Amino acid sequence: MKPLPGFRDFLPNDYARRDYITSHWRDAARRFGFVEFDGPMLESAELYEKKNSGGEILTQLYQFHDRGDRPVALRPEMTPTLARMVGMHHRTFAKPLRWFSIGNCFRYERQQRGRLREFLQFNCDLLGERSPAADAEVITLLIHLLKSFGFGPKDFVIRLSDRLVWQHFLEQHGIPSDKMTELLAIIDKIEREPEERTKEKLAACSSVLSLRRIHEFMSNPEDSALAPLLSELSSRGVREYVQPDLSIVRGLAYYTGIVFEAFALHGGLRAIAGGGRYDNLIYHLSDGAASLPAVGFGMGDAVLLEFLKSVPLAASQEEKYINAQRPCQIYLIIADETYRNETVALASELREKGWRILFSLSPERVGKQFGAAQDAGATLAIVIGAEWPVMKVKQLSTREETEMSRDALFQRLDSLFHA
RNA sequence: GUGGCCGUAGCUCAAUGGUAGAGCUCCAGGUUGUGGUCCUGGCUGUUGCGGGUUCGAGUCCCGUCGGUCACCCCA
């Protein structure tokens, strides 16, 4: 029996990697004053259907009827749940809200590298603040986070754009607002599709707008309405990671202002995170119960896991962290079974002090026990036998061994450990 | 959802259409108090599944499921 396609078992090693990721997510969010929340993984299908996160995602819904015949769906993203919760409870909290979540999301789509049907998603949202400073905070959080994984300016870039900029541009050229979405979709694909195809689609959509004019406009992003945000990012010392790029539009329909994506600069991976400003979404999703401007981003664990593997510094940092979480710090070696009870009692004492302790559960050769200590990642091995109550304390890395009493051991354990 | 490639032991892989193998891992030993090496022995497969061609299929053909890559889209 295997897990369902696109779903994963987490063996201890996999879980350690996942723990590495989630602990960094939490640390980064907390450094920016964000607080964690969670919601149900199963929601009413209506939450996604009527109010709509934006087209495509609906076709990827894990949707069914529960035993009470309610139409339900596994959450494909966190934002609708967030909006629902904020709509109900926002009066309880001072604005702006800085909320983050780490939760499983589900999308029924064909899997490939970095894309699964069940994945962990990290979401950071700042609600109730309209200024570019809010945008800057969220983007800076994302950059700090990526840096904390060991990624540098040569590994990733934040590509930044603004839908409002396009909106003004299209209005200036007399494009009716109902054509706006269609045109943004064309612009979104401008890099990925052949020029001929783009020209065709453009002509079908508007008679006045030429591809050449669009390219001209895109070549000077610095002068646009992005300037205040770029200045905020400079103040925060992260400007070098941000590259204004008006070709970024993003598929989700609900973005109303800035949009951005974190891109890996090598390894052929997709965007590792994406987000933007969505000032109307809370209003729509909460049925008008709340109206809060918002900016946020999401990051999935599937792509990140691949990205971590591909960057040597990030990979070695991860390995170091995981090694420090080894299951055992001190292994008690029973050299003489006569002293098993004493050993077990000592193990309990040490465990109560907070140390991670292992010992062999059945009689084993001393050599084997040393092997087990090694495998479990122990720093110290303590040999207990005929000389009890004196013990031999051995530093496994240096093979240095000293004899000491129980009291001496407890006094010196901290220093022994950090030696 | 569309197309290409792949599917053999727990893992990595081998086997001109002719009796399914190796390395690693795991387990047990190398005699009774000292670990990453070494030596010996042991376990595991309806060759993803179902059909077909053939005297004979891991190998060829079809289907299916799973994996993977590209497209689409996205975390």
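All values below come from the heavy atoms of this structure, side chains included, with hydrogens, waters and symmetry mates left out. Keep in mind the model is a prediction, meaning the values are calculated, not measured. Throughout, protein chains are lettered first and strands after them, A, B, ... in sequence-line order, and every chain is numbered starting at 1.
- Within 4.0 Å of Ile333(A), counting heavy atoms only, lies no atom of the nucleic acid at all.
- Applying the side chain to side chain donor-acceptor pair (under 3.5 Å) test to residues at least two apart or on different chains, the pairs with a partner in residues 11-29 of chain A are Arg17(A)-Glu318(A), Asp19(A)-Tyr321(A), Tyr20(A)-Gln317(A), Ser23(A)-Tyr321(A), Arg26(A)-Glu36(A).
- For residues 99-112 of chain A, the set of pairs meeting the side chain to side chain donor-acceptor pair (under 3.5 Å) definition, not counting sequence neighbours, comprises Gln60(A)-Glu109(A), Asn104(A)-Glu118(A).
- Screening residues 126-148 of chain A for ring-ring contact (aromatic ring centres under 6.0 Å, His included) gives Phe32(A)-His144(A) as the qualifying pairs, with residues at least two apart or on separate chains.
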Protein-nucleotides 63-66 of chain B N/O pairs under 3.5 Å:
unit_1: G66(B); atom_1: O2'; unit_2: Lys2(A); atom_2: NZ; d: 3.1

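- If you check every strand for non-hydrogen atoms under 4.0 Å, Ala386(A) touches a base.
- Scanning for side-chain hydrogen bond (donor to acceptor under 3.5 Å, both in side chains) contacts around Arg117(A) gives an empty result, with sequence neighbours left out.
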Provide a list of protein-nucleic acid N or O atom pairs under 3.5 angstrom, restricted to nucleotides 36-40 of chain B.
unit_1: G36(B); atom_1: N7; unit_2: Arg399(A); atom_2: NH2; d: 3.3
unit_1: G36(B); atom_1: N2; unit_2: Gln374(A); atom_2: NE2; d: 3.2
unit_1: G36(B); atom_1: N3; unit_2: Gln374(A); atom_2: NE2; d: 3.0

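- Scanning RNA chain B for stems, defined as runs of 3 or more consecutive Watson-Crick or G-U wobble pairs whose donor-acceptor distances all fall under 3.5 Å, gives the following ranges: B:1-7 with B:65-71, B:10-13 with B:21-24, B:26-30 with B:38-42, B:48-52 with B:60-64.
- Remark: Arg159(A) is positioned above the aromatic ring of Phe263(A), its terminal NZ or CZ atom under 6.0 angstrom from the ring centre and at most 45 degrees off the axis.
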Quick test: give all pairs of protein nitrogen or oxygen and nucleotides 1-8 of chain B nitrogen or oxygen below 3.5 Å, distance rounded to 0.1 Å.
unit_1: U2(B); atom_1: O4; unit_2: Arg110(A); atom_2: NH1; d: 3.3
unit_1: G3(B); atom_1: O6; unit_2: Arg110(A); atom_2: NH2; d: 2.9

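- Among residue pairs with one or both ends in residues 342-372 of chain A, those qualifying as ring-ring contact (aromatic ring centres under 6.0 Å, His included) are Trp355(A)-Phe417(A); sequence neighbours excluded.
- Between Ala262(A) and Leu146(A), the closest heavy-atom pair is CB-CD1, 4.0 Å.
- Annotation: salt bridge (charged side-chain N to carboxylate O under 4.0 Å, His left out) contacts of Glu349(A) (sequence neighbours excluded): Arg406(A).
- Evaluation of the side chain to side chain donor-acceptor pair (under 3.5 Å) test over residues 375-384 of chain A, restricted to residues two or more places apart or in two chains, returns none.
- RNA chain B is contacted by Arg365(A), Val366(A), Gly367(A), Lys368(A), Phe370(A), Gly371(A) of residues 356-372 of chain A, taking any non-hydrogen atom closer than 4.0 Å.
- The distance between atom CZ of Arg113(A) and atom C1' of C73(B), rounded to the nearest whole Å, is 19 Å.
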